[in-house]
Amino acid sequence: MKWSETFIPTLREAPSDAEFTSHHLLLRAGYIRQLGAGIYSYLPLAQRVIQRITRIIREEMDRIGGQEFYLPALHPAEIWKESGRWEIMGENMFRLRDRYQRDLCLGMTHEEVFTTIIRDAVRSYKELPQIWYQIQVKFRDEPRPKSGLLRVRQFLMKDSYSFDVDWNGLDRSYQKHHQAYCSIFERCGLKYIAIQAHSGAMGGTGSEEFVVRSEAGEDLVVFCSTCGYAANREKASTRASRVVDTAQDLEPELVHTPGQKTIAQLCEFLRIEPTHQMKSVVYMADGKPVLVLVRGDCEVNEAKLESALGTQEFRPAHPDEIRQFFGADPGSLGPYQLSGVKILADHSLRGRKNLVSGANRDDYHYKNLTPGEDFRPEYFDLRNAESGDPCSLCGKPVEVFRAMEVGHIFKLGLKYSESMSAYVLNEAGRRIPLVMGSYGIGLERIVCAAIELYADNDGIVWPQSIAPFDVVISQVNSNDEEQTRVSADLYSKLKDSGAEVIWDDRNERPGVKFKDADLIGIPYRITVGNKIKHGKVEIFQRAQRTQHEVEIGAALVTLSEMRGGHGIRSSSSPQS
RNA sequence: CGGGGCGUAGCGCAGCCUGGUAGCGCACCUGCCUUGGGCGCAGGGGGUCGGCGGUUCAAAUCCGCCCGCCCCGACCA
């Protein structure tokens, strides 16, 4: 393509709304425009990137036997009511009514639709397994869209679903996806890691997230560089650091602690460490109060709490509820001599002695509380893993970092097949529910991750495999006939070789062309300028910012060598 | 939903406090000039000042309501 005929509206200054690198650069380099909160238009450059990612995904999904569908985004309410998700999805689902007042929604995922297809069409175990996928727009009424393309209300997802006759089959389908995902992210040039993920309340027996380390991400990853343990912090368990208690077992002692509400204040006032305190947090679960205890230096992890409680119906208690059940305000709460309130404690408190906690009386605390003696909690893993905690596998300190989720694979199990009656007959002629898996990839997340990973001060640096163009020919002077001739010749030869190439033929100053080429992030630039008088052009590598002068006739060969011989290829390998 | 901020030309902003018929930079158009890192000179076009209502002789400016967007928090199959 000729640049002069292509819509690439680059900006010298980005709209002030852009916070993160990827958002800022996508806007400034002319890839996207915002239409509303969390709604973006993808301009030709972005569309090209998306298409290349799509192609990689298709190839890898097809390789594991996936079959591509295209499903509706507009769904009748009935199927969502059938699965129970019409209620569960709550405010997150876009809902609408048609002219006859029928309820409809915009699809968030497509378990329901695929399940209706398979339940009506497949009767026998002989027709399984199946892996079905699609690349489709998804809708989510995010409470707070943000960070450009990272958290939006309409986005592209490759979602696939596996249908097996048994759990071993599911394991195989899941493993296939795992492999496919590794290939996809590797080919897209991402440095990714696969981490254990929170299964959530949707049921299911296992799930992994594929994430890319980035400050722009919203996930927290607990990672052990020694043994490779990696998990989402929603799920990650680590050992709490060791604490030594005083040897003797003392009797509970009420102490007056006027105005001392926080862990830090008590440390000061009583001259103790946070690790010798118990933090009391109150939740209302299914309408009843629950006291959650963690060590003073720890935080409650609500995803783990959800598992411990076995319900999604919980929330932090309101101040008046706390007063009602405890007779004191937050800051003076504790488990001792508490009745009518269920007590959950984190494992880190098991076996501890002589701890400090609130007395359920304002301005008073108890010293010398011993879990298991002075009160009897149920123990669970309830605390957030923290950077520096000993790894639960190898004991070496873990690190915690931010990352963005680019994919998620999930063993669903029987949830949809049972609720939506998707059964087949097995060899014995018995009616059995399909065992399902679901697997997602966020296309825009790949775009953002690549930008966040590799961008520099001059703009985007694309991995070769997903760049909108492989190479740009920057003709320094568009009025120079000799330069035009050389550029045209290189252009057609490059195109013939199968490369995606754009020829910057604009009547602009060279500086403008170089800045734009850098900004939009094309991996290679061939500069056709004065040096053609000596039979030379230059090849500039965007990522390394290095320049090579080559004979015009050798340009294609040199470029092809630099690119590793062929077009679709990632520039880096996975981190894990 | 709670807290904060913003809305003036395509983009970035000033003007608002103290009311008087809207401005700067970039971009854009024309001409000249120039062509190796966002040139130079000259001329020019473009804005119902987010919307509605109120106060006033007069509103971008003051007041009220609404809408939109951004950030923090809550939330996030």
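Reckoned from all heavy atoms, side chains included, excluding hydrogens, waters and symmetry mates. Here is how names work: the chains are called A, B, and so on, in the same order as the sequence lines, proteins then strands, and each is numbered from 1.
The gap from the C1' atom of G50(B) to that of G44(B) amounts to 29 Å, rounded to the nearest Å.
Checking Tyr161(A) against Gln130(A) by side-chain atom types alone, no donor-acceptor pair falls below 3.5 Å. In the model, Arg85(A) has a side-chain atom that pairs as donor or acceptor with a side-chain atom of Tyr416(A) under 3.5 Å. Judged by distance alone, the side chains of Lys138(A) and His110(A) do bring a donor and an acceptor atom under 3.5 Å apart. Defined by atom type and a distance below 3.5 Å, a donor-acceptor pair is present between the side-chain atoms of Ser4(A) and Asp505(A). If you check the side chains of His177(A) and Ser162(A), you find no donor sitting under 3.5 Å from an acceptor.
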> Quick one: what's the B/S/- string for nucleotides 24-37 of chain B, heavy-atom cutoff under 4.0 Å, read 5' to 3'?
Replying inline: -BSS------BBBB
> How far apart are the C-alpha atoms of His75(A) and Val113(A), what are their side-chain angles, what is the distance that settles it, and do they pass the side chain to side chain contact (heavy atoms under 4.5 Å, CB included) test?
Replying inline: CA-CA 8 Å; His75(A) 303 176; Val113(A) 182; 3.5 Å; yes
Sub-3.5 Å pairs of nitrogen or oxygen atoms, protein against nucleotides 69-73 of chain B:
{"unit_1": "C69(B)", "atom_1": "OP1", "unit_2": "Ala37(A)", "atom_2": "N", "d": "2.8"}
{"unit_1": "C69(B)", "atom_1": "O3'", "unit_2": "Gln34(A)", "atom_2": "NE2", "d": "3.4"}
{"unit_1": "C69(B)", "atom_1": "O2'", "unit_2": "Asp17(A)", "atom_2": "OD2", "d": "3.2"}
{"unit_1": "C70(B)", "atom_1": "OP1", "unit_2": "Gln34(A)", "atom_2": "NE2", "d": "2.9"}
{"unit_1": "C72(B)", "atom_1": "OP2", "unit_2": "Arg144(A)", "atom_2": "NH1", "d": "3.0"}
{"unit_1": "C72(B)", "atom_1": "OP2", "unit_2": "Arg144(A)", "atom_2": "NH2", "d": "2.6"}

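Aromatic rings from Phe210(A) and His178(A) are positioned such that their centres are separated by under 6.0 Å.
Remark: C69(B) base-pairs with G5(B); criterion is Watson-Crick or G-U wobble with both hydrogen-bond distances under 3.5 Å. Nucleotide C28(B) is matched to G44(B) when pairs are restricted to Watson-Crick or G-U wobble geometry with both distances under 3.5 angstrom.
Residues satisfying the ring pair (Phe, Tyr, Trp, His ring centres under 6.0 Å) test with Phe69(A), not counting sequence neighbours, are Phe114(A), Trp132(A).
Between Leu11(A) atom CG and G12(B) atom P the separation is 8 Å, expressed in whole Å.
Among the heavy atoms of the strands, none lies under 4.0 Å from Arg33(A).
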